[in-house]
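Reminder, nothing fancy here: chain letters follow the sequence lines and each chain counts from 1.
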2 protein chains.
Amino acid sequence: MELQEAKLKYIHTWGSLATSWGINKTMAQVHALLLVSTEPLSAEDIMETLKISRGNVNMNVRALIDWGIVSKEFVVGERKEFFVADKDIWELFKQVTKERKKREIEPVLKVLEELQKDVQENTEEAAAFKKVMNDLSSVTNTVNGILDKAIKADEHWLLSSFTKMIKK
Amino acid sequence: MELQEAKLKYIHTWGSLATSWGINKTMAQVHALLLVSTEPLSAEDIMETLKISRGNVNMNVRALIDWGIVSKEFVVGERKEFFVADKDIWELFKQVTKERKKREIEPVLKVLEELQKDVQENTEEAAAFKKVMNDLSSVTNTVNGILDKAIKADEHWLLSSFTKMIKK
DNA sequence: TTTAATTTTCAATAATTACTGAAAGTTTAA
DNA sequence: TTAAACTTTCAGTAATTATTGAAAATTAAA
């Protein structure tokens with residue numbers, strides 16, 4: 001397979017996979033494009049390669065910057081902005097984890113705790129409900145703690161720790 | 001807060017949170033409803049509580065069964081079907097993890113490996129591309145392995161192993 | 001069998017989400 | 001300054017995804 005063909009295949013595959021992860025297709029494609037680019041790309045470059053509008057590029061690049069996985073880069077002699085994606089995949093994983101944790105897990109914990117606290121009733125049914133809320137909190141907290149450690153870890157450490165843990 | 005009110009609040013909150021996880025809102029609400037029900041529920045019960053159509057109930061209950069987190073239950077003297085959700089939250093977490101792994105992670109690995117293999121070119125650019133694909137595979141494989149262990153673990157073991165690991 | 005109860009399917013439609021493109025806003029070079 | 005280059009915004013529209021509801025299929029009691 002030609003390199004360019006492989007790059008495009010990666011970009012398009014990534015776009016469709018993203019959908020199942022609850023991530024906007026175009027956002028995933030823009031990120032994929034920047035990830036396999038050797039050079040920083042301008043809005044025009046992205047528009048042309050992905051065949052999307054300027055507005056769409058702007059919105060999605062902005063979202064990627066907001067997620068902390070793409071940054072602006074200045075190119076000498078050029079007035080317009082260029083964008084790059086960090087090529088360190090472990091960093092990428094950690095950053096995405098950090099953001100999803102903040103956006104998608106922490107709000108869950110808040111609601112679960114609130115619901116347990118607010119029910120005063122002392123019936124058996126209320127106890128069962130509180131237990132479910134409590135168990136949900138407990139599992140979510142465990143996962144959250146593990147993700148916290150992953151975010152702070154370097155890849156090698158994480159891998160080796162898990163290997164040890166798993167062998168036990 | 002009244003117990004019934006709290007249950008409804010949980011059901012609705014869960015529905016909106018699900019959206020950000022790439023999960024259908026109604027599917028999440030049906031599951032939440034079954035999770036906080038003390039009794040098995042019929043399609044009618046679900047229709048009334050969530051104010052949705054019979055077709056919608058049927059499709060989403062079916063999907064939940066397919067995910068392995070809801071099951072049919074027969075009620076003596078009743079001809080129609082009733083549904084229940086397993087109340088063990090750790091089991092729920094493992095089952096969801098298992099399914100998402102199968103549906104959303106394993107296909108990624110397949111594509112990444114394919115793309116590395118298929119590029120013959122020996123330029124510097126091709127090497128860079130292969131490195132990105134390889135790093136993506138490597139991180140994904142690590143995560144996949146961890147999830148595999150989690151799926152087989154019981155909650156207490158996982159929690160204590162992680163605690164030990166983290167303290168080190 | 002027949003028929004009534006129940007479940008399933010799926011075309012039509014509604015709701016949601018994403019995208020376009022042009023106008024408004026901002027920046028920088030002359 | 002001013003004007004060209006560039007970026008941002010957002011109302012309108014397109015594309016996608018979810019839901020309805022009624023007809024078809026299935027099941028089981030009479």
Interatomic distance, [X] [atom1] vs [N] [atom2] [rounded to whole Å]:
X     : N      : atom1 : atom2 : value
A:F83 : D:dC6  : CZ    : C1'   : 11 Å
B:N24 : C:dT17 : CG    : C1'   : 14 Å
A:K25 : D:dT16 : NZ    : C1'   : 10 Å
A:E78 : D:dC6  : CD    : P     : 8 Å
B:F82 : C:dT6  : CZ    : C1'   : 12 Å
B:K80 : C:dT8  : NZ    : P     : 14 Å
B:W21 : D:dT17 : CH2   : C1'   : 21 Å

NA contact type, B:S42, heavy-atom cut-off 4.0 Å: base, sugar-phosphate, or nothing? nothing
Is there a donor in the side chain of A:D45 and an acceptor in the side chain of A:S42, or the other way round, less than 3.5 Å apart? yes
Within 45° of the axis and under 6.0 Å from the centre of the six-membered ring of A:W67, does NZ or CZ of A:R100 qualify? no
Contact list please: residues 46-77 of chain B against DNA chain C, heavy atoms, distance less than 4.0 Å, in numerical order. B:R54, B:G55, B:N58, B:R62
Can you tell me if [atom1] on [X] sees more than 12 non-hydrogen neighbours from other groups inside 6.0 Å?
X      : atom1 : value
A:M59  : CE    : no
A:E124 : CD    : no
A:K101 : NZ    : yes

Could you say whether A:E81 or A:T19 is positioned toward the 5' end of DNA chain D, judged by the nucleotide with the nearest heavy atom to each? A:E81
Basic-acidic side-chain contact under 4.0 Å: A:E114, A:K117: no
